[in-house]
Amino acid sequence: MQEQDQINNAITFRQLIQKLPAAVYTTDENGVLTFYNDKAAELWRCRPRLNDPTEKRFCGSHRLYNLNGNPIPRDRCGMAEALKSRQHINGMEVLLERPDGSRINISVSISPLYEGDRFVGAVNVFEDITDHKKAEEAKWRLAAIVESSEDAIVSKSLQGIIQSWNKGAESIFGYSKEEILGKSITTIIPPDRLDEESMILNRIRRGEKVSHFETVRITKDGHRIPVSLTISPVKDSRGRIIAASKIARDISDQVNIRNRLMKINEELINSNRYKDQFIGMASHELKTPITVIKSNLQLVDLKVSEEDVKPLVDKTLENVEKLNSLVSDLLDVSKIDSGKLQLNYSDFSVIGLIRDCIQNMRLICTTHRIDFDEPTQDIVIQADKERVEQVVVNLLTNAVKYSPESNRVLIQADLLEDNNVLIKVTDFGIGINESQINKIFSRFYRVKDLAPTFSGLGIGLFISREIVERHGGKIWVASKVDEGSTFHISLPIRPAQQQTNNATG
Ligand code: ADP
């Protein structure tokens, strides 16, 4: 009866081991496999024959390697060693290779087996620790990244107690890990900024992140340093906020550079303001003597009759006119800069205006014919007549100036469907390189390499654009090098405010 009980117990025990989640196998004292459970077969991915001395001994795995990847001969494996020494082996880690070549990391524990005093073999319990190893490696890699970061990476509890402190934090704030762990984060917050901490912790408790918060922190030796903080909530596996992680970057260099740039910028703004004031004042002062010279010269011109003096007077008058227009342009730039360019609106005919401009051009230009492609119907617009005339004359003057090899300029006007008038000035001259096209409307911009050949200040188109845009219009150019350019101006026939009133009223 007792024997039967023993047999029954052994069966129950085997069934129990068979179902264990851990892999288990036994060998006799010679290493011949005497038992293994399903888990062992699953990890080995094979089912070796039991009690067969011709079958592989000591272990059912295909091959074994140590953690460096060196093969372990079968008769030198943990089980072989344990059988030899009759000693326990605990927690030994090896790599197990399956018949398909895949490898897993296993931890092995071996115990010698005795029947009474007789040594009969050993039992090996092993488990797959591959995932555990990978997680450990990832954790280790992350820790190495944190440690090697130049930024301070710190974690603190929701009560503001410092829980971790990397090398970056040591070098920025001067406290070693040992000194600071367990202390309050307020250790590095200047007294006048303590309220920041409660603001930050409140946001973290609400699950919010604080990004690139620029502030000041204090180092162990009492220096205040500018830092940029990014603070995020740390959650546990159930999503509860349990702490805060903080990355602090020392931005002393950026702040110094920024301050220097701000100072330089301020100086530039000031000197620019002085320059603008000077240009405004100088052009204003120049205007009066030029007007006197001009009117006196005009009188002299009327009185002079000698053949050889008259051309001299005419040439002088022409140059005084040029000087006058340069000074007027400078005065306009100064008005634009100070926001004092006024527009005086009136109704006028576009055809009439263009005819006047052509008339004026004829007085100063003898080299080119200006053809006007007149629209069939007159177009009346409400704008600042003098200023629009200034733009058209500027475009015509440029068209003549930049087409020295040609003798013709074409001007066209059209009423567009969107209640805009389009004026086009075409020349057949040197054209403009595509890379320069967007720049020529900038203040003082002149196309490179042309400066010695063509005189000018590079402000005519800047003023023209300002005048056109102030009217709510647009100015642009289409051009081909060595073929010529067409400058376009579109102007609303009524100021925007009035157009809306008309539309609604
Ligand atoms: P300026 O003629 O006094 O230099 P503008 O502001 O009127 O100044 O013109 C700016 C630049 O645009 C000129 O220097 C010239 O290089 C270019 N430009 C203007 N009009 C023409 C044109 N019709 N053909 C070719 N280039 C032009």
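Heavy-atom basis, side chains included; hydrogens, waters and symmetry copies ignored. In each ligand, atom 1 is the first atom listed, and ligand 1 is the first ligand listed.
- Contact annotation for Asp427 and ligand 1: only side-chain heavy atoms (C-beta onward) come within less than 4.0 Å of the ligand.
- Of all protein heavy atoms, the one closest to atom 5 (P) of ligand 1 is Leu461 N, 3.6 Å.
- Atom 26 (N) of ligand 1 has its closest protein heavy atom at Ile432 CG1, 3.4 Å.
- Remark: ligand 1 atoms within the under-4.0 Å shell around heavy atoms of Ser485 are 24 (N).
- At a 3.5 angstrom cut-off on N or O pairs, Leu457 counts as close to ligand 1.
- Figure legend: Arg355 and Phe372 shown without cation-pi pairing, the cationic atom not lying both under 6.0 angstrom from the six-membered ring centre and within 45 degrees of its axis.
- Counting atoms of ligand 1 from 1 in the listed order, those under 4.0 Å from a heavy atom of Gly456 are 3 (O).
- Less than 4.0 angstrom separates some heavy atom of Ile459 from each of these atoms of ligand 1: 6 (O), 8 (O).
- Considering backbone and side-chain N/O atoms, Phe487 never comes within less than 3.5 Å of an N/O atom of ligand 1.
- For Gly458, the closest heavy-atom approach to ligand 1 falls below 4.0 Å.
- Closest to atom 24 (N) of ligand 1 among all protein heavy atoms lies Tyr402 CB, 3.3 Å.
- Two residues are said to be in side-chain contact when any heavy atoms from C-beta on lie closer than 4.5 Å; His212 and Thr230 meet this criterion.
- Ser464 and Asn394 form a side-chain donor-acceptor contact under 3.5 Å, judged by distance and modelled atom types alone.
- Ring centers of Trp165 and Phe173: under 6.0 Å apart, within the cut-off.
- Considering backbone and side-chain N/O atoms, Tyr445 never comes within less than 3.5 Å of an N/O atom of ligand 1.
- Using a 4.0 Å heavy-atom cutoff, Gly431 is listed among the residues neighbouring ligand 1.
- Side chains of Glu321 and Leu317 form no contact here, defined as non-hydrogen atoms less than 4.5 Å apart.
- The CG atom of Asp384 lies 6.5 Å from the CD atom of Glu386; values are rounded to the nearest 0.5 Å.
- Of the N or O atoms in Phe462, none lie within a sub-3.5 Å distance of an N or O in ligand 1.
- Under a 4.0 Å heavy-atom criterion, Gln436 is not in contact with ligand 1.
- In terms of polar-atom proximity, Gly460 is counted as a contact of ligand 1, with an N or O under 3.5 Å from an N or O of the ligand.
- Contact annotation: the side chain of Val333 never approaches that of Ile279 to less than 4.5 Å [non-hydrogen atoms, C-beta and beyond].
- For Asn438, the CG atom sits in a loose shell: 12 or fewer heavy atoms of surrounding residues, nucleotides or ligands are nearer than 6.0 Å.
- For ligand 1, the atoms sitting less than 4.0 Å from at least one non-hydrogen atom of Lys401 are 1 (P), 2 (O), 3 (O), numbered in the order shown with element in parentheses.
- Scanning the protein for heavy atoms near atom 7 (O) of ligand 1, the closest one is Asn398 ND2, 2.8 Å.
- Backbone and side-chain nitrogen or oxygen atoms of Arg446 are examined, and one is located within less than 3.5 angstrom of a nitrogen or oxygen of ligand 1.
- Under the 4.0 angstrom criterion for non-hydrogen atoms, Phe441 is not in contact with ligand 1.
- If you look at Phe454 and Tyr402, their ring centroids are closer than 6.0 Å.
- Enclosure of atom CD in Glu147 by more than 12 non-hydrogen atoms of other residues, nucleotides or ligands within 6.0 angstrom is indicated.
- Side-chain rings of His368 and Phe428 stay apart, their centers remaining 6.0 Å or farther from each other.
- The backbone N or O of Ser155 sits less than 3.5 Å from a side-chain atom of Ser164, completing a donor-acceptor pair.
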